Protein chains: 2
Amino acid sequence: MEVARAAGVSKTTASDALRRSGRVSEKTRQLVAETADRLGYTPNLSARSLRAATTGAIGLHLPEVLTRSEYYMSFVFGVIDQASRHDYDVTLLTSRGARARAAFHRLDGVVLGDPLVTDPVVHGLLASSVPVVTCERFTGDAEPAGTVRSDHAAMLSLLFDRLHDAGAARPALLASSTITDWGAILQRAYREWCERRGTAVRLRELPYGAPPEVTQDEIRALLSAEPGIDALVCAPDGSAAAALPVLREEGREVGRDVLLAACVDSGPLAHTDPPITAIDLRPREAGAACAELLFDLLAGRADEGAVRDLPIGLVERGSTAPRG
Amino acid sequence: MEVARAAGVSKTTASDALRRSGRVSEKTRQLVAETADRLGYTPNLSARSLRAATTGAIGLHLPEVLTRSEYYMSFVFGVIDQASRHDYDVTLLTSRGARARAAFHRLDGVVLGDPLVTDPVVHGLLASSVPVVTCERFTGDAEPAGTVRSDHAAMLSLLFDRLHDAGAARPALLASSTITDWGAILQRAYREWCERRGTAVRLRELPYGAPPEVTQDEIRALLSAEPGIDALVCAPDGSAAAALPVLREEGREVGRDVLLAACVDSGPLAHTDPPITAIDLRPREAGAACAELLFDLLAGRADEGAVRDLPIGLVERGSTAPRG
DNA sequence: ATGAAAGCGCTAACAT
DNA sequence: ATGTTAGCGCTTTCAT
């Protein structure tokens, strides 16, 4: 605190004054505060971190494939929101591995949005000493310190029930890759639903982060392989919007000839024609819940291996209107 | 390096070995590397930062209103991509952190995506001692160390020319707020275009981050105030998609009765019916360019006040097809 | 080619 | 209520 010592007090006094530790008199506190302000002083966080063995920052890692996803953007802001509430910074970790390893001592903890089994950084982080909270379970063998999850199976089952009630007898699933737990759960839930209902499984899987063209080709393939399909549920983010023109080009009127629903809601789905029914994954809340759990773990308010539940919702729109 | 000293060498040697400073013999380097690996050693970045007076991290600040925006998500990944190429971390700054934490010596520099004049954090950062690069000019009075900008005026003018060529005589602009430079430029460019063409100005401004309902109400108001409109250009991200159902509900066929275009391209716009013409702002490249400029400034490869240009594109789709 | 020592800015522990 | 000292883990002299 050599700068603020120019206020005529010792380093310690200045330090204590600025951190309001209640050690110094109100008068000196004022004086120091003013001086610091005048000199444009800002504390050196590196030094503080070094001393305190705590960094005031948490990491956030996302699957890099998903450059364009409203879901993750909302998730990010959820994490940030909660972090800043605890006066923490959020550092984004990339899949360029070398760095992540080195970042360990710069972070007090890490949040993993949808950990891919195929991502080496994910493994690295889980193997490290910092506490890790994952959104959705990690299907690999490492155990995160905390997990936030939702009941996707129940929600998907509910969605198919609704489609069935609306008159769909041969619903299909455009599935997402099983490299995420979410993708795997959806496939399983769909198969189980089909079994319960005694319906044939009509499923097609897309790789994670597939571009729209690939998605559309897959949908065309699905439709030509299974012409009897009367409802289509699309798992990958953005795939339902991409399905709309394909269905139309096949001469099927969405909401009448064929019902359509998405497993990931997003802004545009509310404004297509017709608007598309979707599962609302509450991404912002999910991000916030992950961060919250991480802070609880750091503070000892939660136990290693804690699992928390995040409720999700179903937004029914015109694309699944009951048949007149 | 007390841990690695267990390899029988001094702190200095260990440090030099791990950083390959070329000081130590290959044999000792090997030995130290192995020991460090065995002990699971990771360098303490706080200590390193303290010593080096450099942090290995840059900050990124975005307008918080935009929770759901593909543009910003891509921008973020552009920044991250470039940062990790330079072996830097990226820390996200919120508007919530009342104190501009960047100045807290945790960051070597900051990138501001679309600085809002109304954002106090933006002012704080620009007033701080760290170099700041903004994407788009800052309309306040502070001067960033670097700026990446695009010729939005020319592109918008080109877009209106195309609409005109396609038969639109009374084009309107659903404008974005002027709290960003981008929003202001678009409004100005439109007015100038109208003047050049001798056309009346048909403009309506939306607040930044307006929800879809507000957007749609505004569009309805615009249409009822100016029934003669035969082309609509929507500036705010997502507003063109929201416009589509409104136009349809008014009985106008998009691409025939009325042309429609967006000032911000995004995935869904390619898959609406008809697909919507849009300006491609190249967000990922923009983010990368900002980060690159920042690193150039830090390394002295660019001068204070540098301005760089980022080319943008126009993606013409069915919504602006020339009238038969 | 390697060691020893100093010090980056901060704060906890021990004085006064 | 305030000052002094020590040391967090690292790297940069300066010495060997």
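Owing to the predicted nature of the structure, the values given are computational and were not obtained by experimental measurement. Letters A, B, ... mirror the listed sequences (proteins, then strands); counts begin at 1.
Atom CZ in Arg23(B) sits roughly 10 Å away from atom P in dT12(D) (whole-Å rounding). Atom CG of Asp16(A) and atom C1' of dC14(C) are 13 Å apart (whole Å). Rounded to an integer number of Å, the gap from CZ of Arg106(B) to P of dC10(C) is 13 Å. The distance between atom CG of Asn44(A) and atom P of dT11(C), rounded to the nearest whole Å, is 10 Å. In this structure, the CZ atom of Arg19(B) is 17 Å from the P atom of dG9(D), given to the nearest Å. Between the C1' atom of dT2(D) and the CG atom of Leu31(A) lies a distance of 13 Å, rounded to the nearest Å.
Side-chain N or O atoms of Ser84(B) include one that pairs as donor or acceptor with a backbone N or O of Ile80(B) at under 3.5 Å. No side-chain donor-acceptor contact under 3.5 Å links His152(A) to the backbone of Trp182(A). When atom types are taken as modelled, the side chain of Ser49(A) and the backbone of Leu45(A) share a donor-acceptor pair closer than 3.5 angstrom. Side-chain atoms of Arg106(A) come within 3.5 Å of backbone atoms of Thr55(B) as a donor-acceptor pair (strictly under, hydrogens ignored).
Looking at Asp108(A) and Val130(A), their side chains never come closer than 4.5 Å, going by heavy atoms from C-beta outward. A 4.5 Å side-chain heavy-atom check between Met73(A) and Tyr71(B) finds every atom pair outside the cut-off.
Between Glu26(A) and Ala47(A), the residue whose closest nucleotide on DNA chain D is further toward the 5' end is Glu26(A).
Among the atoms of the strands shown, only primed sugar atoms or phosphate atoms (P, OP1, OP2) are found under 4.0 Å from some heavy atom of Thr28(B).
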**Prompt:** So Arg23(B) and Asp16(B), salt bridge (Lys or Arg N to Asp or Glu O under 4.0 Å) or not? Walk me through it.
**Reply:** CA-CA 7 Å; Arg23(B) 250 187 75 149; Asp16(B) 288 337; 3.1 Å; yes

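Distance from the side chain of Arg48(A) is smallest for dT11(C) among the nucleotides dG3(C), dT11(C), dC10(D). When each of dA4(C), dC10(D), dG9(C) is scored by its nearest atom to the side-chain atoms of Leu50(A), the top-ranked nucleotide is dG9(C).
Leu116(A) CG to Thr178(A) OG1: the interatomic distance, rounded to the nearest 0.5 Å, is 11.0 Å.
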Sort me out a list of protein N/O and nucleotides 5-7 of chain C N/O pairs below 3.5 Å, or just none if empty.
residue, atom, partner, partner atom, Å
dG7(C), N2, Arg51(B), NE, 3.1

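An OP1 or OP2 oxygen of dG3(D) is reached within less than 4.0 angstrom by a side-chain nitrogen or oxygen of Thr13(A). Distances shorter than 4.0 Å separate none of the side-chain N or O atoms of Ser46(B) from OP1 or OP2 on dC10(D).
Overall, the helix from dA1(C)-dT16(D) to dT16(C)-dA1(D) carries an axis bend of 40° between its ends, with five pairs at each end and the value rounded to 10°.
Of the charged side-chain nitrogens involved, at least one lies within less than 4.0 Å of a carboxylate oxygen, so that Asp296(A) and Arg308(A) count as a salt-bridged pair.
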